[in-house]
Amino acid sequence: MSERNTAVRSMHDLGLAAWFGGSLMGAVGLNSAAAAEGGTWRNTARIASAGWAKWAPVNAAAIALHLAGGSGLLAANATRVATQQGVAASTIAKTVLTGAALAATAYSRILGKKIELASSEDPEDLEKAAEHPVDVEKAQHDLAWVQWALPVLTGGLIVLNALHGEQQRPAEQSQGMLQRAESMLRHPSKATPPANGRPGLPWNALPARSEWCL
């Protein structure tokens, strides 16, 4: 009998939705609006940096919510990951993609902070920027690429999430578990589990029943 995991699933989906939606809106809306209204690179950078800085705490909370929900779902579906064909592969793919999205998010924030300091009119910020000089043009170029990569990566997570949903259909679960069982029967273990710390013998090296000693 299946159990409901409404709370952790909601955390997972809401966090991912905010992560994806915020990154897409920032890349499409905020950056374009800043470029249209800024006039100069400094004003454009200041407008965009102000918007991204406001979003950063919300984005961090959304990511934390998503990761917490994902951990809960993984724990709740550990049996399916181990026994249903295809679930482990899609879980690994989702883990790798999540790591890439986290790395892109962190790198984006680092670049954004550098540009924010370089474009600021605050003496303290200018002093910090002078201590760590940055090639603003290159940083802006790299930041643009990373900010567009984020909705692609998080969009990929949504696609994998949809795949996981399909794999939870009763017919898919039954078929996947049968395929996994057939695969294990076709490739049985070549050694019996160790007993009392002694290495096991190959299964085909065991004596026939008629040869057992009394």
**Asked** Heavy atoms, side chains only, cut-off 4.5 Å: are Trp55 and Met25 in contact?
**Response**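 No, every pair of side-chain atoms sits at 4.5 Å or beyond.
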For residues [X] and [Y], report the shortest heavy-atom separation together with the two atoms involved.
X      : Y      : value
Ser49  : Gly112 : OG-O, 4.1 Å
Arg42  : Ala118 : NH1-O, 3.0 Å
Ser23  : Thr154 : OG-OG1, 3.9 Å
Ala139 : Val134 : CB-CG2, 4.0 Å
Ser90  : His164 : OG-NE2, 2.9 Å
Ala104 : Leu153 : CB-CD1, 4.1 Å

**Request:** Indicate whether the side chain of Asn31 and that of Trp52 have a donor and an acceptor atom separated by less than 3.5 Å.
**Result:**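 The answer is yes; a qualifying pair exists.
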**Request:** Return yes if a side-chain donor-acceptor contact under 3.5 Å exists between Trp19 and Thr105, otherwise no.
**Result:**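 Per modelled atom types, Trp19 and Thr105 side chains form a pair under 3.5 Å.
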Could you measure the distance from the [atom1] atom of [X] to the [atom2] atom of [Y]? Nearest 0.5 Å is fine.
X      : Y      : atom1 : atom2 : answer
Thr79  : Gln84  : OG1   : CD    : 11.0 Å
Asn161 : His12  : CG    : NE2   : 4.5 Å
Met11  : Asn5   : CE    : CG    : 12.0 Å
Ser119 : Lys114 : OG    : NZ    : 14.0 Å
Leu97  : Ile92  : CG    : CD1   : 13.5 Å

**Request:** Might you confirm whether atom NZ of Lys94 has over 12 heavy atoms from other residues, nucleotides or ligands at distances under 6.0 Å?
**Result:**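 Yes - once you tally the heavy atoms of other residues, nucleotides and ligands closer than 6.0 Å, there are more than 12.
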**Prompt:** Can you tell me if Asn77 uses its side chain to pair, donor with acceptor, with the backbone of Leu73 under 3.5 Å?
**Reply:**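 Flag set: sc Asn77 to bb Leu73 pair under 3.5 Å.
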Path from [X] to [Y] over hydrophobic side-chain contacts below 4.5 Å:
X      : Y      : value
Leu150 : Leu67  : yes
Ile47  : Val136 : no
Phe20  : Leu160 : yes
Leu102 : Leu24  : yes
Val87  : Val8   : no

**Prompt:** What residues join Trp145 in its hydrophobic cluster, counting side-chain heavy atom gaps under 4.5 Å, either direct or through other members?
**Reply:**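 Besides Trp145, the cluster holds no residue at all.
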**Prompt:** Are Glu116 and Arg46 close enough for a salt bridge, meaning some N to O gap below 4.0 Å?
**Reply:**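 A salt bridge is absent here (no side-chain N lies under 4.0 Å from a carboxylate O).
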**Asp142/Lys138 salt bridge by N-O under 4.0 Å criterion** =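 Judged by the 4.0 Å cut-off on N to carboxylate O distance, Lys138 and Asp142 do form a salt bridge.
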